[in-house]
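Below is one structure, written out as structure tokens; the observations come after it.
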Protein chains: 2
Amino acid sequence: MKPTDIQTKLTEKGLKVTPQRMAILQAIYSLNNHPTADNIIDFIRKNHPNIATATVYKVLDALNEKGLIMKVKTDKDFMRYDAIVENHHHLYDSTSERIEDFNDEELNHMLEKYFEQKGIPNFKIEDIKLQIIGKFISNP
Amino acid sequence: MKPTDIQTKLTEKGLKVTPQRMAILQAIYSLNNHPTADNIIDFIRKNHPNIATATVYKVLDALNEKGLIMKVKTDKDFMRYDAIVENHHHLYDSTSERIEDFNDEELNHMLEKYFEQKGIPNFKIEDIKLQIIGKFISNP
DNA sequence: TTACCTGCAAATAGTTTGCAACCCT
DNA sequence: AGGGTTGCAAACTATTTGCAGGTAA
């Protein structure tokens, strides 16, 4: 992701372009596996040692609010952040902290059709997210 | 749920039967909508004013560990507890704190068949949970 | 200019821990 | 009797808040 692209994204959402916001957004694009706030802070401080913890949280909230990133809640006690904001599912490793995004249009379509037909009594569905728990298998 | 049934459940899991544990388990069965630790503490203190907060958390952990209850993580900052331990999905109200259990064998079967056939590369599925977000509609 | 941002330090709040006393089995 | 449990207070920790000074537009 180029700096100019990040600038554009911020501007489009009506957020002022600051070095902190640039660095944080760049960090989330660079780090994989859904970084925690701590991961992001560590990453940024390498090149930007004076950034305050509270600033990172404030920026993350702002970015989340504007839909530039997504918060992902885990079973552990911290948020993780995802640069992919399109609706998608998650694969959770049952033995490690690894999380991967999972997209499957066919699945979405199947679920949509299923609930369209069957519905849920007294409930209007807005969104369906799958948490798929299992084990990642390293290929040989 | 009768006290003797609760006793049996505790004993079966190798947990000593104490008044605190009885009260906590009874509270979770009585309270609906997936109570928080706080909800449980308030409920119990009516008849059991001296129970310590830490005890409640310790008991909840023990019950969760033994599979008598289930922890449910929400987007907000606290755990909620569920007396239903069988695998099931959750309906989340997008505007309130309401959560309901959702069971659908046909759906489970459809998902099982779908992934059995399609699979996910480098991933062995162990469990699938749906978070269905939307709005509860009060019937007229 | 000025409304929005940042940094710092202190606060928050749900949950956990250490340990002595207690009490089920 | 004795090991699991409880109660209390203090600790923990991720995240938030208040506010003074800074900075992007």
Side-chain angles (χ1 to χ4, degrees), chain A residues 3-4 6-25 27-28 34-42 44-45 47-66 68-81 97, chain B residues 3-4 6-25 27-28 34-45 47-66 68-69 71-81 97:
Chain A
T4 49
I6 295 179
Q7 282 178 29
T8 307
K9 280 174 185 289
L10 289 170
T11 308
E12 277 173 0
K13 298 293 182 177
L15 293 169
K16 287 188 180 165
V17 177
T18 68
Q20 291 85 345
R21 286 176 174 171
M22 296 284 289
I24 290 166
L25 208 38
I28 299 171
H34 304 68
T36 62
D38 233 40
N39 297 150
I40 295 166
I41 292 167
D42 287 350
I44 293 174
R45 290 225 169 112
N47 300 308
H48 207 296
N50 295 318
I51 195 165
T53 305
T55 300
V56 175
Y57 281 105
K58 282 172 191 165
V59 170
L60 288 171
D61 276 356
L63 297 177
N64 178 62
E65 202 71 23
K66 297 293 183 178
L68 287 174
I69 63 170
M70 237 184 171
K71 288 188 175 189
V72 183
K73 193 77 168 187
T74 66
D75 279 344
K76 299 292 190 309
D77 254 346
F78 33 76
M79 287 287 182
R80 295 172 70 164
Y81 299 88
E97 294 300 292
Chain B
T4 49
I6 295 180
Q7 282 179 27
T8 307
K9 279 173 184 289
L10 289 170
T11 308
E12 276 174 1
K13 298 292 182 178
L15 292 169
K16 284 187 182 167
V17 177
T18 68
Q20 291 85 346
R21 285 176 174 169
M22 295 285 287
I24 290 166
L25 208 38
I28 300 171
H34 303 68
T36 62
D38 234 39
N39 297 150
I40 295 166
I41 291 167
D42 286 350
F43 184 89
I44 293 175
R45 290 228 168 109
N47 301 309
H48 207 295
N50 295 319
I51 195 165
T53 306
T55 299
V56 175
Y57 280 105
K58 282 173 191 164
V59 169
L60 288 171
D61 276 357
L63 297 176
N64 179 62
E65 202 71 24
K66 297 294 183 178
L68 287 175
I69 63 170
K71 288 188 176 190
V72 183
K73 192 77 167 187
T74 66
D75 278 345
K76 300 290 190 309
D77 255 345
F78 35 76
M79 286 289 182
R80 295 172 69 164
Y81 299 86
E97 294 298 292

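Residue numbering restarts at 1 for every chain, and letters A, B, ... go by the order of the sequence lines. FYI, side chains are in, hydrogens and waters are out, and symmetry mates aren't considered; it's all heavy atoms of this structure. Being a predicted model, the structure only gives us computed values, none of them experimental.
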Give the residues of residues 35-45 of chain B touching DNA chain D, defined as any heavy atom closer than 4.0 Å, sorted by residue number.
none
Close side-chain approach of A:Lys71 and A:Leu60, heavy atoms under 4.5 Å
no
Contact between B:Arg21 and B:Lys16 at the side-chain level, heavy atoms closer than 4.5 Å - yes or no?
yes
Within the structure provided, determine whether B:Glu97 and B:His34 are in side-chain contact (heavy-atom separation under 4.5 Å).
no
Figure out the CG/C1' separation between A:Asn50 and D:dG21, and round it to whole Å.
15 Å
Between C1' on D:dA14 and CG on A:Leu60, what's the gap in Å once rounded to a whole number?
13 Å
Pairwise side-chain contact, B:Leu25 with B:Ile69, heavy-atom cut-off 4.5 Å (strictly under):
yes
May I ask you to verify if any side-chain N or O of B:Tyr57 is less than 4.0 angstrom from the OP1 or OP2 atom of C:dT15?
yes
Whole Å only: how far is the CG atom of A:Leu63 from the C1' atom of C:dC5?
13 Å
Check the distance between D:dC12's P and A:Phe78's CZ and give it to me in whole angstrom.
18 Å
Interatomic distance where CG belongs to A:Asp61 and P belongs to D:dT15 [whole Å]:
10 Å
Which atoms form the tightest heavy-atom contact between B:Thr36 and B:Tyr81, and what is the distance?
C-CD1, 4.3 Å
Does the side chain of A:Met70 reach to within under 4.5 Å of the side chain of A:Ile28, using non-hydrogen atoms?
no
Closer to the 5' end of DNA chain C via nearest nucleotide, is it B:Thr55 or A:Ile51?
A:Ile51
Separation of D:dA14 C1' from A:Lys71 NZ (nearest whole Å):
11 Å
Any side-chain heavy-atom pair from A:Leu10 and A:Met22 closer than 4.5 angstrom?
yes
Would you sort out whether B:Gln20 and B:His48 count as a side chain to side chain contact (heavy atoms under 4.5 Å, CB included), showing the intermediate values?
CA-CA 8 Å; B:Gln20 291 85 346; B:His48 207 295; 4.2 Å; yes
Give the rounded distance in Å between these two atoms: CG of B:Asn64 and C1' of C:dT16.
15 Å
Side-chain contact test, heavy atoms from C-beta onward, threshold under 4.5 Å: evaluate it for A:Glu65 versus A:Lys13 and give yes or no.
no
Run A:Thr53 and A:Tyr57 through side chain to side chain contact (heavy atoms under 4.5 Å, CB included) and show every step you take.
CA-CA 7 Å; A:Thr53 305; A:Tyr57 281 105; 3.6 Å; yes
Would you indicate whether the side-chain heavy atoms of A:Leu15 and A:Val59 approach each other to under 4.5 Å?
no
Starting at the 5' end of nucleotides 18-25 of chain C, put B wherever the base has a protein heavy atom under 4.0 Å, S where only the sugar-phosphate does, and a dash everywhere else.
BB----BS
Bend angle of the helix from C:dT1-D:dA25 to C:dT25-D:dA1 from five-pair axes at both ends, rounded to 10°?
40°
